[in-house]
Amino acid sequence: TILLLRACLALLAMPIYLLSFVGIWKPFCKKVFIPYVLGHISDIHLKKSKKQRQELFQTLPDFRRGSGELRLLEIGTGCGVNFEFYPPGCKVTCTDINPNFQQFLSKNMAKNQHLHFEQFLVASGDDLHQVPSGSVDAVICTLVLCSVNNISGTLEEVLRVLRPGGAFYFLEHVAADPSSWKYFWQQICHPTWKLIFDGCCLTRELWKNLQQANFSELKLRHVSVALPWTPVDPHIVGYAVK
């Protein structure tokens, strides 16, 4: 049944599959579709998850250094929708594998003058070689681990760049309960969703990756973000300490 429904969905998305086959979709997706569409989706997701983000990021000041300084690194910054939740005066380094987000990112930077933006790096989560080891107090990652090529490699880089006692903050959509209808529809949508949204996976059990990483402390809870007519309601939210 799943294979049949996947085929039906693929037929509906056939133009995109054809564009992908001839090599047009991926560059168009990265340069035009993802920055514009994801910008709109990010605003919707922000409204639906604002309470979870406020609760999550309110503990960021706890990880200031003895000097009072707080240095943040955000992986997959995208349009910068998290900026409003960061403490005043903290120093922020933004990274994203897609440089086409910069014009949208600049608008959110201008709106958030309470922050000090240090630099924007074009980098993937599993290769942050431009960031010195042990140099940041917190790493932020929201709706990014669903699409990174190497989850364990990304978490290894997070641990490397964090200072001892620093924290990794996350808010990610994940696989639903395998016995649920939501998971059934995730299975159906997965191949086409991954193609359209540039590698975004619907069925990753990211809590397992976090549990297996070498963090000394993990605070994680499963929540639901109400996004009607989408297969991305189930989320995990929390932070892990190095």
Side-chain angles (χ1 to χ4, degrees), residues 13-49 53 72-86 91-113 115-131 136 139-151 153-155 157-158 161 169-173 189-202 204 206 225 227 230-232 235:
M14 186 55 68
I16 294 176
Y17 277 91
L18 290 174
L19 289 173
S20 178
F21 179 76
V22 298
I24 295 175
W25 175 251
K26 192 167 185 177
F28 172 79
C29 183
K30 287 185 178 296
K31 190 170 184 178
V32 180
F33 181 80
I34 287 295
Y36 281 91
V37 173
L38 200 60
H40 180 65
I41 293 174
S42 294
D43 288 339
I44 295 172
H45 191 279
L46 176 61
K47 291 176 183 177
K48 299 290 185 179
S49 64
R53 294 183 197 237
L72 307 182
L73 170 71
E74 183 163 0
I75 298 175
T77 307
C79 301
V81 295
N82 288 322
F83 292 160
E84 64 177 280
F85 304 104
Y86 295 164
K91 298 180 178 180
V92 184
T93 295
C94 304
T95 74
D96 204 291
I97 196 171
N98 188 346
N100 298 296
F101 277 112
Q102 277 190 275
Q103 68 177 96
F104 304 95
L105 186 61
S106 298
K107 294 179 182 178
N108 268 327
M109 285 180 169
K111 290 178 184 177
N112 291 277
Q113 296 294 319
L115 305 177
H116 176 68
F117 296 101
E118 294 199 301
Q119 57 184 329
F120 176 86
L121 303 175
V122 179
S124 62
D126 58 358
D127 184 9
L128 299 171
H129 67 273
Q130 297 145 291
V131 183
V136 298
V139 176
I140 317 294
C141 188
T142 60
L143 305 181
V144 174
L145 294 179
C146 59
S147 57
V148 296
N149 291 327
N150 186 345
I151 302 171
T154 298
L155 294 178
E157 279 289 81
V158 167
V161 301
Y169 283 76
F170 54 87
L171 171 65
E172 300 285 344
H173 71 81
C189 296
H190 176 69
T192 299
W193 183 278
K194 186 176 181 180
L195 172 66
I196 294 175
F197 292 101
D198 197 25
C200 176
C201 296
L202 293 172
R204 287 184 173 176
L206 295 171
V225 176
L227 297 166
T230 74
V232 293
H235 284 62

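The first residue of the sequence shown is numbered 1, and numbering continues consecutively from there.
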Which pair of non-hydrogen atoms, one from [X] and one from [Y], has the smallest distance, and what is that distance?
| X | Y | answer |
| --- | --- | --- |
| G78 | F101 | O-CB, 3.5 Å |
| G153 | N150 | N-OD1, 2.7 Å |
| I151 | L145 | CG1-O, 4.2 Å |
| L143 | C146 | O-SG, 3.9 Å |
| F85 | R53 | CE1-CD, 3.8 Å |

Beyond-backbone contact of [X] with [Y], side-chain heavy atoms, under 4.5 angstrom:
| X | Y | result |
| --- | --- | --- |
| L72 | V136 | no |
| S20 | K26 | no |
| I75 | L128 | yes |
| S106 | F117 | no |
| V144 | F170 | no |
| Y86 | I140 | yes |

Let me confirm one number: the [atom1]-[atom2] distance from [X] to [Y], rounded to the nearest 0.5 Å.
| X | Y | atom1 | atom2 | result |
| --- | --- | --- | --- | --- |
| Q119 | T95 | CD | OG1 | 10.0 Å |
| S49 | H235 | OG | NE2 | 6.5 Å |
| T77 | M109 | OG1 | CE | 7.5 Å |
| K194 | C189 | NZ | SG | 14.5 Å |
| S147 | R204 | OG | CZ | 7.0 Å |

Item to check | Any residue meeting salt bridge (charged side-chain N to carboxylate O under 4.0 Å, His left out) with E74, in chain and number order, not counting sequence neighbours | outcome: none

Checklist entry - Is it true that a side-chain atom of W25 and a backbone atom of L195 form a donor plus acceptor pair closer than 3.5 Å? => result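 Yes, because the side chain of W25 sits within donor-acceptor range (under 3.5 Å) of the backbone of L195.
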
Item to check | Main-chain N/O of N112 paired to E84 side chain as donor or acceptor, under 3.5 Å | outcome: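 A pair under 3.5 Å: no.
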
For residues 29-43, which side-chain N or O atoms pair as donor and acceptor with protein atoms under 3.5 Å away, sequence neighbours left out?
from, atom 1, to, atom 2, distance (Å)
K30, NZ, D198, OD2, 3.1
S42, OG, L38, O, 2.7

Checklist entry - Is there a side chain to side chain contact (heavy atoms under 4.5 Å, CB included) between Y17 and T192 once you walk through the steps? => result CA-CA 9 Å; Y17 277 91; T192 299; 2.9 Å; yes

Item to check | Short side-chain donor-acceptor distance under 3.5 Å, H173 and H45 | outcome: no

Next on the checklist: With no hydrogens and no angle check, just 3.5 Å: does a side-chain donor-acceptor pair link T142 and Y169?
Outcome noted: no

For residues 120-127, tabulate all N or O donor-acceptor pairs below 3.5 Å that involve a side-chain atom, not counting sequence neighbours.
from, atom 1, to, atom 2, distance (Å)
S124, OG, D126, OD1, 2.8
D127, OD1, H129, ND1, 2.9

